[in-house]
Colleague: 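The following block contains the structure, expressed as structure tokens.
These numbers come from the heavy atoms of this one structure, side chains and all, not from hydrogens, waters or symmetry mates. A note on names: the letters A, B, ... follow the listed sequences, proteins ahead of strands, and every chain is numbered from 1.
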Protein chains: 2
Amino acid sequence: MQNSEAMALSAALLAVAGDLTQRINDGVVARGFTDIRPAHGFAFARLAPDGATVTDLAAHLGVTKQAASQLVDEIVRKGYAERRPHPGDARARLVVLTERGWACTRAAEAAAAEVVERWAELLGEGEVRALREGLTRIAPYGPIRPAW
Amino acid sequence: MQNSEAMALSAALLAVAGDLTQRINDGVVARGFTDIRPAHGFAFARLAPDGATVTDLAAHLGVTKQAASQLVDEIVRKGYAERRPHPGDARARLVVLTERGWACTRAAEAAAAEVVERWAELLGEGEVRALREGLTRIAPYGPIRPAW
DNA sequence: CAGGTTGGTCAAGCAGCTTGACCATATAGT
DNA sequence: ACTATATGGTCAAGCTGCTTGACCAACCTG
């Protein structure tokens with residue numbers, strides 16, 4: 001693989017990622033959640049299963065815990081999550097999604113599905129599945145990082 | 001395709017994109033260009049062929065021309081590009097890469113090639129090519145947008 | 001050549017992050 | 001049990017990269 005081909009792949013990947021983010025955000029806004037930014041989505045993804053602490057969230061997002069705390073302040077203020085006492089650690093507080101938070105998460109899923117549907121029209125179901133499998137196998141474990 | 005599968009694909013894509021950005025940046029830094037951020041790379045990509053005006057750059061990056069101008073200020077100050085009079089439009093100025101700018105671009109290509117090489121070890125050459133072709137076909141034309 | 005458009009800059013403001021300091025609770029060492 | 005250290009969280013201040021708004025100079029159209 002030549003450097004220029006690697007660059008073409010990288011550029012295409014990053015362009016698709018940026019476009020995907022934009023379209024999911026647009027879809028979420030179109031579904032009535034107008035006070036939310038893409039970064040919140042990644043927080044929701046971490047909160048969704050069982051909640052998480054601010055420190056967990058910070059590690060997942062690759063930011064300081066102060067930044068994560070500020071982000072939690074915001075989504076709590078807007079009604080998407082709430083802080084609860086942490087069972088088994090009186091220092092910590094468990095941040096969990098409210099029903100509104102779940103509704104927003106479902107909206108994001110629906111918006112993502114729309115985008116992927118467009119891809120399926122361009123590539124066919126099989127190639128989209130191949131894409132998903134390939135990307136899943138090279139996806140990193142660490143914190144989610146902004147694409148730039 | 002279920003919503004949850006679309007979400008899994010989206011999450012994998014965004015995770016890979018963030019990781020790719022991080023690794024290219026690390027590789028560029030490791031090659032001695034320590035005063036550069038990922039956003040600059042996207043500017044370089046637009047400047048590389050024949051240079052561009054600030055307004056071109058702004059449209060390509062999806063930001064205001066003031067922001068683009070500020071970014072150009074920075075890469076000019078750091079020696080990666082220079083402003084020249086625009087042939088055929090006395091208002092405009094053509095921003096072109098310096099030799100240092102080209103060297104940095106080559107460093108980014110080499111860093112990207114390293115990352116793609118890792119992918120090839122995980123997936124095989126054929127699947128990487130399939131990835132590139134699939135992503136190229138769904139890549140948008142418009143401005144490059146941050147992944148979040 | 002007058003009127004509107006386009007390329008670019010200057011200036012001020014803001015959002016989201018950082019670093020640094022600090023408190024309360026938890027955990028480990030002796 | 002008692003001290004020492006580590007960890008979860010917040011408050012405060014500061015910085016960086018973006019935005020909006022105002023403006024000038026050069027271009028283009030009638």
Colleague: Report, one pair per line, the protein and nucleotides 17-24 of chain D atoms (nitrogen or oxygen only) whose separation is under 3.5 Å.
Modeller:
residue, atom, partner, partner atom, Å
D/dG17, OP1, B/R37, NE, 2.9
D/dG17, OP1, B/R37, NH2, 3.4
D/dT19, OP2, B/T64, N, 3.0
D/dT19, OP2, B/T64, OG1, 2.8
D/dT20, O4, B/Q66, NE2, 3.3
D/dG21, O6, B/Q66, NE2, 2.5

Colleague: Given atom CG of B/L57 and atom C1' of C/dT6, what is their separation to the nearest angstrom?
Modeller: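 So the two atoms are 17 Å apart, to the nearest Å.
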Colleague: Treat each ILVMFWY residue as a node, draw an edge where side-chain heavy atoms are under 4.5 Å apart, and state whether A/L20 and A/V29 are in one component.
Modeller: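 No, A/L20 does not connect to A/V29 through the hydrophobic network.
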Colleague: Does A/R100 have more than 12 heavy atoms from other residues, nucleotides or ligands lying within 6.0 Å of its CZ?
Modeller: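 Yes, the 6.0 Å shell around CZ holds more than 12 heavy atoms from other groups.
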Colleague: OP1 or OP2 of D/dT10 versus the side-chain N and O atoms of A/S69: is any pair under 4.0 Å?
Modeller: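 Yes, within the criterion.
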Colleague: Nearest whole angstrom, please: distance from the P of C/dA15 to the CZ of A/R77.
Modeller: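 Result: 10 Å.
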Colleague: Please tell me if B/T55 has a side-chain N or O lying less than 4.0 Å from either OP1 or OP2 of C/dT6.
Modeller: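 Answer no for this pair, as no side-chain N or O of B/T55 is under 4.0 Å from OP1 or OP2.
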Colleague: Thinking salt bridges, do A/E125 and A/R129 make one under a 4.0 Å N-O criterion?
Modeller: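 Not counted as a salt bridge, because no side-chain N and carboxylate O are separated by less than 4.0 Å.
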Colleague: Does the side chain of A/D35 pick up a donor-acceptor pair with the side chain of A/Y80 at under 3.5 Å?
Modeller: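 Note: A/D35 and A/Y80 side chains meet the donor-acceptor criterion.
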Colleague: Roughly, in whole Å, what's the span from NE2 in B/H86 to P in C/dT6?
Modeller: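 Rounded to the whole Å, the gap is 16 Å.
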Colleague: D/dT10, OP1 or OP2 - any side-chain N/O from A/R91 closer than 4.0 Å?
Modeller: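 Looking at the OP1 and OP2 atoms of D/dT10, neither is under 4.0 Å from any side-chain N or O of A/R91.
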Colleague: Where do B/A17 and A/A17 come nearest, in terms of heavy atoms and distance?
Modeller: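 Nearest heavy atoms, B/A17 then A/A17: CB-CB, 3.5 Å.
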Colleague: What is the distance from CZ of B/R93 to C1' of D/dA25, rounded to the nearest Å?
Modeller: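 Atom CZ in B/R93 sits about 13 Å away from atom C1' in D/dA25.
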Colleague: Is the shortest side-chain heavy-atom distance between A/R83 and A/V54 below 4.5 Å?
Modeller: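 The answer is yes, as the side chains (C-beta and beyond) meet within the 4.5 Å cut-off.
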Colleague: Under 4.0 Å between a side-chain N or O of A/R83 and OP1 or OP2 of D/dT10?
Modeller: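 Yes, such a contact exists.
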